[in-house]
Amino acid sequence: AIQRTLSIIKPDAVGKNVIGKIYSRFESNGLKIIAAKMFHLSRAEAEGFYAVHKGRPFFNDLVEFMISGPVMVQVLEGEEAIAKNRELMGATDPKKADPGTIRADFAQSIDANAVHGSDAPETAAVEIAYFFPSHEIYSR
Ligand code: CMP
């Protein structure tokens with residue numbers, strides 16, 4: 001089925017100037033960018049986005065990292081977009097990511113792991129709405 005998913009290019013990858021290289025992987029694998037915006041998140045915005053991880057031991061480091069520089073946020077649309085994007089990203093820990101995945105090629109560590117992608121249809125809907133009102137999403 002055609003799905004939408006939220007993708008974030010994190011501060012490490014924005015700083016390395018590889019937004020275009022990552023976009024190219026989305027586009028050449030059947031994912032269409034139907035909304036996009038650059039943000040420098042406030043602490044409150046980052047904490048709100050990652051609220052499900054509040055209380056986890058990595059929460060503070062995650063938030064610090066996500067506010068350390070600008071991020072590029074996009075909605076991707078395509079056939080099985082959620083799983084497809086996760087496949088392109090590779091494992092959360094870049095050391096465990098398959099060769100040729102975004103994280104294997106561009107990421108350094110589990111925090112500075114280049115990209116985020118929604119993990120399920122329910123979280124995709126919540127995460128998309130967190131950044132984009134429906135009139136800022138351009139589908140067909
Ligand atoms: P992301 O997909 O953005 O979702 C939560 C982020 O927390 C994850 O990518 C990692 O960058 C970061 N993180 C740090 N440590 C862990 C961990 N032990 N398990 C999962 N995520 C972690």
Side-chain angles (χ1 to χ4, degrees):
I2 299 282
Q3 294 176 330
R4 293 177 179 182
T5 190
L6 188 87
S7 161
I8 302 179
I9 301 179
K10 296 189 181 187
D12 57 322
V14 173
K16 286 166 78 176
N17 203 22
V18 293
I19 294 171
K21 286 185 173 153
I22 293 173
Y23 271 22
S24 175
R25 292 184 183 210
F26 297 150
E27 292 176 345
S28 55
N29 287 280
L31 296 176
K32 185 173 186 184
I33 297 159
I34 60 167
K37 223 188 278 186
M38 192 174 262
F39 294 87
H40 195 146
L41 298 175
S42 68
R43 185 176 299 276
E45 286 167 338
E47 287 177 350
F49 180 75
Y50 281 121
V52 292
H53 294 304
K54 202 162 181 163
R56 305 281 291 276
F58 58 84
F59 183 74
N60 284 332
D61 285 347
L62 171 62
V63 169
E64 285 298 336
F65 175 68
M66 290 300 287
I67 67 176
S68 67
V71 295
M72 190 74 205
V73 185
Q74 42 284 327
V75 179
L76 306 177
E77 185 176 74
E79 193 61 41
E80 301 299 325
I82 295 167
K84 169 64 72 180
N85 182 42
R86 292 180 73 78
E87 185 186 313
L88 295 175
M89 290 192 297
T92 304
D93 182 350
K95 291 192 288 292
K96 296 177 185 157
D98 288 338
T101 60
I102 293 169
R103 283 165 171 158
D105 290 347
F106 300 117
Q108 327 304 323
S109 70
I110 197 163
D111 281 309
N113 69 346
V115 280
H116 166 83
S118 308
D119 63 2
E122 302 71 38
T123 45
V126 172
E127 291 179 1
I128 290 168
Y130 194 79
F131 287 107
F132 297 101
S134 51
H135 71 272
E136 292 180 1
I137 300 174
Y138 299 91
S139 185
R140 284 165 240 297

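- Both Leu76 and Met72 are assigned to one and the same hydrophobic cluster, defined by single-linkage of ILVMFWY side chains at heavy-atom distances under 4.5 Å.
- Minimum interatomic distance between Ala104 and Pro99 (heavy atoms only, all atoms of both residues): CB-CA, 4.2 Å.
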Inset, instruction - Start with the C-alpha gap between Met38 and Val14, add the side-chain angles, then the distance that decides, and say whether side-chain contact (heavy atoms from CB on, under 4.5 Å) holds. - result: CA-CA 10 Å; Met38 192 174 262; Val14 173; 4.2 Å; yes
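- The closest donor-acceptor contact from the side chain of Glu77 to the backbone of Leu31 lies at 3.5 Å or more, if one exists at all.
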Inset, instruction - Any chance you could lay out the side-chain contact (heavy atoms from CB on, under 4.5 Å) test for Phe131 and Val75, step after step, and finish with the verdict? - result: CA-CA 9 Å; Phe131 287 107; Val75 179; over 6 Å; no
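- Between Lys84 and Phe26 there is no side-chain heavy-atom pair separated by less than 4.5 Å.
- No donor-acceptor distance shorter than 3.5 angstrom exists from the side chain of Gln74 to the backbone of Ala35, with no hydrogens or angles considered.
- In the hydrophobic clustering of ILVMFWY residues, with side-chain heavy atoms under 4.5 Å counting as a link, Val126 and Tyr130 come out apart.
- Residues Phe39 and Ile137 share a hydrophobic cluster, clusters being chains of Ile/Leu/Val/Met/Phe/Trp/Tyr side chains in contact below 4.5 Å.
- For the atom pair NZ (Lys32) and OG (Ser139), the distance works out to 7.0 Å, reported to the nearest 0.5 Å.
- Atom CG in Asp61 sits 13.5 Å away from atom CZ in Arg56 (nearest 0.5 Å).
- Within the 3.5 Å criterion, the main-chain N or O of Arg25 finds a donor-acceptor partner in the side chain of Asn29.
- Closest heavy-atom contact between Phe132 and Glu136: CD2-OE1, 4.0 Å.
- Closest of all the heavy-atom pairs between Ile9 and Ala13 is CG2-CB, 3.6 Å.
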Inset, instruction - Start with the C-alpha distance between Phe106 and Val115, add both sets of side-chain angles, then the distance that settles side-chain contact (heavy atoms from CB on, under 4.5 Å), and finish with yes or no. - result: CA-CA 9 Å; Phe106 300 117; Val115 280; over 6 Å; no
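- The cluster map of Ile, Leu, Val, Met, Phe, Trp and Tyr, joined by side-chain heavy atoms under 4.5 Å apart, puts Ile110 and Leu62 in different clusters.
- No donor-acceptor distance shorter than 3.5 angstrom exists from the side chain of His40 to the backbone of Val71, with no hydrogens or angles considered.
- Judged purely by atom type and a 3.5 angstrom limit, Gln3 uses its side chain to pair as donor or acceptor with the backbone of Ile82.
- A distance of 11.0 Å separates CG in Asp98 from CG in Asp105, rounded to the nearest 0.5 Å.
- Residues Tyr50 and Ile128 are members of one and the same hydrophobic cluster, defined by side-chain heavy-atom contacts under 4.5 angstrom among Ile, Leu, Val, Met, Phe, Trp and Tyr.
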Inset, instruction - Evaluate the criterion side-chain contact (heavy atoms from CB on, under 4.5 Å) for residue pair Lys16 and Gln108; output intermediate values, then yes/no. - result: CA-CA 11 Å; Lys16 286 166 78 176; Gln108 327 304 323; 2.9 Å; yes
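- Side-chain N or O atoms of Asn113 include none that pairs as donor or acceptor with a backbone N or O of Ala107 at under 3.5 Å.
- The closest donor-acceptor contact from the side chain of Thr5 to the backbone of Ala124 lies at 3.5 Å or more, if one exists at all.
- With rounding to the nearest 0.5 angstrom, the CD atom of Glu127 is 7.0 Å from the CG atom of Asp119.
- Across every non-hydrogen atom of Ala46 and Met66, the tightest pair is CB-CB, 4.4 Å.
- Around NZ of Lys37, the count of heavy atoms belonging to other residues, nucleotides or ligands within 6.0 Å exceeds 12.
- The NZ atom of Lys10 sits 6.5 Å away from the CZ atom of Phe65 when rounded to the nearest 0.5 Å.
- At a threshold of 4.0 Å, the pair Asp93-Lys95 counts as salt-bridged, since one of the basic side-chain nitrogens sits closer than that to a carboxylate oxygen.
- In this structure, the separation between CZ on Arg86 and CE on Met89 is 5.0 Å, given to the nearest 0.5 Å.
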